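Excluded from the calculations below are hydrogen atoms, water molecules and symmetry mates; all remaining heavy atoms, backbone and side chain alike, are included. None of these values were measured; they are calculated from a predicted model.
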Amino acid sequence: MSITRRAAIGASLGALAASPFLAAPAVRAQAPVELTFNYPIAVGGPIARIIDGYCDDFQKANPGIRIRQVYTGSYQDSITKALTAARGGDAPDMACLLSTDMFTLIDEDVVVPWDGLPGAETSWMGSFYPGFMENSRTGGKTWGIPFQRSTIVMYYNKEAFKAAGLNPEVAPASWAEQVEFAQKLTRRSGDTVSQWGMQIPSSGFPYWLFQALTTQNDVRLMNEAGNQTFYADPKVAEALQYWLDLAQKHKVHPTGIVEWGTTPRDFFERKVAMIWTTTGNLTNIKTNAPFEFGVAQLAAGRKPGSPTGGGNLYVFKSASEAKRAAAVKFARFLTEPERAAQWGIDTGYVATSPEAWETAKMKDYVAAFPAAAVARDQLRHAVAELSTHENQRVTKALNDGLQAVLTGRSQPQPAMAAAQAEAERILRRYRG
Amino acid sequence: MRMPRFLHAWLMLGPALLLLAAFTHVPALATLWHALFSTPTPRRPAVFVGLNNYAALAEDPIFWQALWNNLLYALGTVPMSIALALAMALWVNGRLRGRTAMRIAFFTPTVLPMIAVANLWLFFYTPDYGMIDRLTRLLLGWGPTNWIGSQETALGAMMAIAVWKEAGFFMIFYLAALQAIPPSLLEAASLEGASRGRIFWRVTLPLLGPTTLFIAVNAVINSFRLVDHILVMTQGGPDNATALLMTYIYETGFRFWDTAQASALTGVLLAVLAVIAALQFSLLGRRTHYR
């Protein structure tokens, strides 16, 4: 049996001998470099197919390299798996993980910076939007290459706008206007609300959405070195008061915790007229919204603003020289303008370099679907997502404080002071 | 040649003991050992810290909240799922049309993976258009309730899922036990003129004793162990309202990477479970009637 199979393969190889791959004996003699690439996807579906396609195309173009892509679940699962594997001496060679995991990965000493790897030129690392690089660099080194990146935008129901007597082409531009619009859009029948004016999700990772409010209120949550937070700044409590007031004072936003996962569904069901969520939801909403919808930049407080979010590509320390070089090649392949543009069109994630937006296919796409460019235009005002040493713990302190306030257990000012005290306790030893 | 008795016994016990030791006893002891050291990092190897990790737990308000939540969770889910399991078993044990369909219906939640259950219930609990809110509006005229998004209801909502998931499983044990009760005992009781309620209290329930003990032990263990739905639905939130010991261990160990602290937490969990199991076997076990 095995003989016949081998003979069959031999015959088919003979038939293919004219192909350039087999004609180059030097390439054939070398064992291919195998690159393990962890990617955060929970189950199959469109994104897994796109990534599979990239891996195949790359291998065709680079016969000496084999990509072994491993889908590792949510971002949270992915960092857990990568670190567990690294501790067990079996780290991946390359992985797409949250940009905010940068300090954790550095502290665990499992990644290397891209600078100085063969083929990683400064011009390439400088070709991305600066807003995305804020979370990818620290201490003068580039640790992450932006890939699956996003930001928060507002989606609104144009039909609801018309019904409320608002111009469906104009989204609220300021905090005051946002309240005013939301009041007009909130529909009550007796005690119950049939349509809320707006909602900002607060389950799981409320800090991310809250960071949009703090940025708009002109205050930063952490320093660049990732060893200090500013939760106790009065402007932070002020931003939280605004969020709380939407629900408590103006009664245009559901009370308690708003579930992140069901927010798009609430929007489809016309239970809410304006929602904040990631640009990564664009394709989902485009496919499923049963009405005409608009996409807009978030309303400005003292200034406009939103945090960036999403995943970067990292190279692991345990990868050999040859694998590191292959990782650079693969990362450059993934971020080529043409491919980045197609990736943005297919998924709704923001193509990470200005050149990608200059490609013909992206220009055509934006011309037909202007909403796609909203996230890019908002990047000018974007700041780095909250990220520090012991990121999960420091972030949890803020999350707990936010949820305590939103569920009515605490007031903004004391809750933020408590969160700051906890963050301070954790971060003190990373200073000086 | 006859094998000595003890060798025979050890050969029979060997495989099970080996597996138990490798996957239960050794890891448990290793965890207790690691709890006495600090968490190693690339720059700082682990050092012996004695009981410092436990002292840190005592000062940690989230730990106390998780412990308290877990006690409430156990008190809420254990009696509820046992009572419901017994009621369902009694019902589908009788002569009833569509009995098999009922049994399957009650058992279905047990078959579903907890992660799927959690995603299902996420939509049941959605305020306003979720199934639960529609039911409460129709039957009770209530307004929308943010079940998993407010402090007061979140833990209760998690308990309801656990009861829904477990009762069907326990029902199977009760059903088996009910069918093992000799009909002659029930007939004798009714010949003596005992009412149906009296037969249940004096004959059926005592005969179900060993099953109840078994179920009770399992239900208590599950109330500390089955937390997948919480990780999916609330991640312990809002503001730790649904944090249980197990979710806190996971968070400390695999999100904060503070393995020493997580080991100390595991030590506490082991101690709590050991005490409860000892109490159950000594108190309930003594009153249980085995045939």
Side-chain angles (χ1 to χ4, degrees), chain A residues 42 74 76-77 79-81 83-84 87 104 106-110 190-196 201-206 254-259 261-263 265-266 269-272 317 390-397 399-410 415 418 422 426 429, chain B residues 39-44 56 59-62 65 115-116 118-130 133 137 141-154 157 231-243 247-248 250-259 261:
Chain A
S74 67
Q76 189 69 57
D77 296 341
I79 179 75
T80 303
K81 280 178 189 160
L83 284 180
T84 312
R87 287 186 169 199
T104 306
I106 295 171
D107 288 341
E108 290 284 329
D109 200 23
V110 293
D191 284 345
T192 60
V193 175
S194 56
Q195 174 179 285
W196 289 104
S202 48
S203 69
F205 39 91
T255 54
I257 300 303
V258 172
E259 178 59 41
T262 54
T263 290
R265 185 73 200 273
D266 296 340
E269 297 275 337
R270 301 167 204 263
K271 291 293 167 191
V272 55
K317 205 170 195 172
E390 295 211 30
N391 190 42
Q392 301 272 355
R393 225 173 211 170
V394 172
T395 307
K396 182 179 165 65
N399 281 341
D400 286 352
L402 292 173
Q403 293 192 334
V405 170
L406 292 171
T407 54
R409 275 230 305 197
S410 185
E422 172 69 4
I426 299 160
R429 69 182 124 122
Chain B
T39 300
T41 65
R43 287 178 206 139
R44 229 166 357 108
E59 286 170 18
D60 180 357
I62 302 179
Q65 189 175 0
I115 301 291
N119 283 299
L120 210 64
W121 279 78
L122 203 57
F123 282 95
F124 286 177
Y125 279 137
T126 308
D128 206 20
Y129 63 86
D133 259 8
R137 182 167 40 209
W142 291 0
T145 311
N146 196 346
W147 295 101
I148 60 172
S150 52
Q151 300 271 352
E152 298 76 24
T153 51
L231 288 175
V232 172
M233 296 174 75
T234 63
Q235 296 92 38
D239 189 22
N240 302 308
T242 56
T247 62
Y248 197 44
Y250 181 82
E251 195 167 43
T252 310
F254 294 102
R255 290 193 181 161
F256 305 160
W257 296 98
D258 192 345
T259 44
Q261 195 73 28

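- B/Arg137 has no carboxylate O lying under 4.0 Å from a charged side-chain N of B/Asp133, or vice versa, which leaves the two without a salt bridge.
- Only the side chain of B/Asp258 comes within contact range of chain A, with at least one heavy atom under 4.5 Å from a heavy atom of that chain.
- With a 4.5 angstrom heavy-atom cutoff, A/Asn399 does not touch chain B via any of its atoms.
- In this structure, chain B has a heavy atom under 4.5 Å from the backbone of A/Val193, while its side chain stays farther away.
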Working for salt bridge (charged side-chain N to carboxylate O under 4.0 Å, His left out), residues B/Glu251 and A/Lys396
CA-CA 10 Å; B/Glu251 195 167 43; A/Lys396 182 179 165 65; 3.4 Å; yes
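- The greatest number of non-hydrogen atom pairs below 4.5 Å with chain A, out of B/Ile62, B/Leu122, B/Ile148, is found for B/Leu122.
- Contacts of B/Thr259 with chain A are made by side-chain atoms alone, with heavy-atom separations under 4.5 Å and no backbone atom involved.
- Of the two parts of A/Arg87, only the side chain, counted from C-beta on, holds a non-hydrogen atom closer than 4.5 Å to a non-hydrogen atom of chain B.
- Only the side chain of A/Arg409 comes within less than 4.5 Å of a heavy atom in chain B; its backbone stays farther off.
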Between A/Glu390 and A/Arg429, does a salt bridge (charged side-chain N to carboxylate O under 4.0 Å, His left out) hold up when you go through it step by step?
CA-CA 11 Å; A/Glu390 295 211 30; A/Arg429 69 182 124 122; 3.5 Å; yes
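- For A/Ile79, the part sitting under 4.5 Å from any heavy atom of chain B is the backbone (N, CA, C, O) and nothing else.
- Taking the six-membered ring where the residue is Trp, B/Trp257 and B/Phe254 present perpendicular rings, their angle passing 60° and hence far from 30°.
- Heavy atoms closer than 4.5 Å to chain B are found in the backbone of A/Thr255, but not in its side chain.
- Contact annotation for B/Thr252: only side-chain heavy atoms (C-beta onward) come within less than 4.5 Å of a heavy atom of chain A.
- Contacts between A/Glu108 and chain B at a heavy-atom distance below 4.5 Å involve backbone atoms as well as side-chain atoms.
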